[in-house]
Amino acid sequence: MSQVNISDAVRYIGCDDHEIDLFESQYQVPNGVSYNSYLMVDEKIAIMDTVDARATTEWLANLEREMELVSRQRGRECPPDYLVVSHLEPDHAANIQKICEKYPKLKVVSNAKTFAMLPQFFTMDFSGRKVEVKEGDSLSLGSHTLHFYMAPMVHWPEVMVTYESTEKILFSADGFGKFGALDTQEDWDHEARRYYINIVGKYGAPVQALLKKASGLDIQIICPLHGPVLKENLAHYLEKYELWSSYRPENEGVTIAYASIHGNTAAAAKELAALLEEKGQKVSLHDLARDDMAKAVEDAFRYDRLVLAAATYDGGLFPCMEDFLYHLKLKNYQKRTVGILENGSWAPMAGKLMKEYVEGFKDCVLAEPTVTVKSTLNAAGRDQLCQLAQALAK
């Protein structure tokens with residue numbers, strides 16, 4: 001278990017997972033991921049969420065170690081009183097039934113939507129264990145008090161966050177989380193951005209609503225369900241979430257995402273990148289057939305301009321470009337300038353189809369001209385490329 005110090009009353013009992021290859025079976029996590037769970041020790045003892053089934057054995061050992069320590073300090077057996085469930089997704093909730101079977105008097109604290117969904121995941125009858133809370137309700141543990149705020153569609157409908165008012169801790173569910181195990185040192189912004197945009201990104205309005213609630217709280221510590229506990233420079237993390245959830249570009253720059261069959265579209269995309277860099281533009285280049293799709297999506301949202309470069313394939317779009325555009329649409333892509341580069345040996349269709357996607361995005365502007373390559377880049381194509389570079393550099 002990674003060593004995480006929060007306070008005397010709040011102990012970390014989560015787990016790192018370095019064996020996982022794809023988070024949610026789609027996102028590459030080369031540095032693993034953490035499943036965070038917390039124990040709040042007061043007159044009453046509360047477990048704050050469980051962990052993924054992949055980490056059950058380690059998590060139970062962490063919990064038992066802390067409970068044994070509390071029992072020795074108090075000179076009596078002290079089982080936990082409550083399990084607070086903030087999010088029912090299996091990477092956080094897989095052990096709800098198991099922990100309830102271990103502690104027969106344990107009460108489950110959550111909201112009506114969670115209790116309605118519990119039978120979809122578990123066979124246990126929870127009717128005698130429910131402590132149902134709603135917006136603004138509180139639960140006293142002694143000198144610590146938990147306050148509950150609903151966060152529907154951040155990013156499931158049953159999500160809620162918990163604010164502990166004595167130590168001013170926000171237990172933020174999936175909010176403010178990131179990829180990467182806790183024993184990995186890496187840039188928070190990058191992996192939190194990739195995590196947010198690809199997992200929560202569709203739900204900007206609900207995130208904005210939650211941020212409005214959070215603005216009324218004195219928050220000194222943020223305890224997410226993935227990634228590090230945040231104690232310093234909280235304004236930075238709140239600012240990033242406000243920016244990401246409003247769909248505004250974070251940086252000036254051009255993301256070029258290309259889908260190339262035999263390398264000719266790739267060559268044109270790289271030539272465009274060189275032209276833009278000569279004009280002093282920051283360029284992020286992604287080969288959609290080979291690179292991490294989640295990183296390409298991340299950079300499309302991070303920067304204020306995007307170029308889509310794709311070959312025509314079977315009269316349609318080369319599949320990895322279709323997949324990329326599907327992801328942008330799914331995550332509510334908007335408020336950007338978009339350029340088009342198409343390739344086709346006899347009947348180019350990629351440009352028309354990519355434009356149809358872009359025209360469906362909110363507040364996106366198409367940069368002119370559309371660059372058309374017939375198999376390989378020629379003088380006419382290079383002239384169009386220069387014009388597009390000039391338009392994007394403005």
Side-chain angles (χ1 to χ4, degrees), residues 249 251-293 295-329 333-361 363-394:
N251 301 107
E252 292 186 353
V254 184
T255 297
I256 300 178
Y258 66 87
S260 186
I261 304 171
H262 297 294
N264 294 314
T265 305
K270 291 173 183 177
E271 194 161 326
L272 176 61
L275 289 169
L276 287 165
E277 287 171 343
E278 287 173 6
K279 296 179 182 298
Q281 303 300 304
K282 166 68 178 175
V283 177
S284 175
L285 196 64
H286 295 271
D287 179 352
L288 297 178
R290 294 170 176 81
D291 295 343
D292 178 9
M293 181 66 71
K295 288 184 178 180
V297 172
E298 174 199 352
D299 277 355
F301 278 85
R302 179 178 183 179
Y303 296 108
D304 61 341
R305 286 153 289 168
L306 171 67
V307 174
L308 304 169
T312 303
Y313 186 79
D314 284 346
L317 277 172
F318 195 44
C320 56
M321 176 57 76
E322 189 94 53
D323 189 29
F324 178 63
L325 288 165
Y326 167 79
H327 278 81
L328 293 186
K329 180 179 180 181
Y333 191 70
Q334 57 187 273
K335 301 178 183 176
R336 304 297 193 275
T337 296
V338 183
I340 301 289
L341 190 163
E342 67 170 350
N343 196 344
S345 293
W346 59 90
M349 284 294 295
K352 175 180 181 292
L353 296 171
M354 289 187 287
K355 282 182 181 179
E356 288 175 359
Y357 267 100
V358 175
E359 288 166 354
F361 297 152
D363 295 333
C364 279
V365 177
L366 279 164
E368 297 294 344
T370 292
V371 177
T372 298
V373 176
K374 290 289 190 74
S375 302
T376 59
L377 195 62
N378 59 17
R382 283 193 171 86
D383 182 59
Q384 289 182 334
L385 215 58
C386 289
Q387 292 179 51
L388 180 59
Q390 184 64 34
L392 290 168
K394 288 180 180 178

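Keep in mind the model is a prediction, meaning the values are calculated, not measured.
Two residues are said to be in side-chain contact when any heavy atoms from C-beta on lie closer than 4.5 Å; Asn264 and Asn343 meet this criterion. In this structure the side chain of Leu288 never reaches within 4.5 angstrom of the side chain of Asp323, judged on heavy atoms. Between Leu328 and Phe301 the shortest side-chain heavy-atom distance falls below 4.5 Å. Side-chain atoms of Ile256 and Val283, non-hydrogen and from C-beta on, do get closer than 4.5 Å to each other.
The existence of a salt bridge linking Glu359 and Lys355 is excluded, since no basic side-chain nitrogen approaches an acidic carboxylate oxygen closer than 4.0 Å.
Checked against salt bridge (charged side-chain N to carboxylate O under 4.0 Å, His left out), Asp291 has no partners two or more places apart in sequence or in another chain. With sequence neighbours left out, Glu298 forms a salt bridge (charged side-chain N to carboxylate O under 4.0 Å, His left out) with Arg193. Applying the salt bridge (charged side-chain N to carboxylate O under 4.0 Å, His left out) rule to Glu271 yields the partners Arg382; only residues at least two apart in sequence or on another chain are considered. Glu252 meets the salt bridge (charged side-chain N to carboxylate O under 4.0 Å, His left out) test with no other residue; sequence neighbours excluded. With sequence neighbours left out, the ring pair (Phe, Tyr, Trp, His ring centres under 6.0 Å) criterion links Tyr303 to no other residue. Contacts of Phe318 classified as ring pair (Phe, Tyr, Trp, His ring centres under 6.0 Å), with partners at least two apart in sequence or in another chain: Tyr313.
To the nearest 0.5 Å, atom CE of residue Met321 and atom OG1 of residue Thr312 are 11.0 Å apart. Remark: Lys335 NZ to Asp304 CG distance equals 13.5 Å, nearest 0.5 Å. In this structure, the separation between CG on Leu308 and CG on Leu353 is 12.0 Å, given to the nearest 0.5 Å.
In this structure a side-chain-to-backbone donor-acceptor pair under 3.5 Å is missing from Asp299 to Arg302. For the pair Asp314 (side chain) and Gly316 (backbone), a donor-acceptor distance under 3.5 Å is absent. One N or O on the side chain of Gln384 and one on the backbone of Thr372 form a donor-acceptor pair closer than 3.5 Å.
Partner of Leu317 under the side-chain contact (heavy atoms from CB on, under 4.5 Å) criterion, chosen from Glu342, Met349, Met354: Met354. With Val358 as reference, Leu366 is the one residue of Leu306, Leu366, Thr337, Val365 to meet the side-chain contact (heavy atoms from CB on, under 4.5 Å) rule.
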**Asked** Would Thr255 and Val307 satisfy side chain to side chain contact (heavy atoms under 4.5 Å, CB included), going step by step from the backbone distance to the final call?
**Response** CA-CA 6 Å; Thr255 297; Val307 174; over 6 Å; no
**Item:** Derivation and outcome, side chain to side chain contact (heavy atoms under 4.5 Å, CB included), residues Tyr258 and Lys270
**Value:** CA-CA 9 Å; Tyr258 66 87; Lys270 291 173 183 177; 3.6 Å; yes
**Message:** As a quick check of understanding, evaluate side chain to side chain contact (heavy atoms under 4.5 Å, CB included) for Cys386 and Leu275, giving each step before the final call.
**Reply:** CA-CA 7 Å; Cys386 289; Leu275 289 169; 4.1 Å; yes
**Request:** Test Thr370 against Leu388 for side chain to side chain contact (heavy atoms under 4.5 Å, CB included), laying out the working first.
**Result:** CA-CA 7 Å; Thr370 292; Leu388 180 59; over 6 Å; no
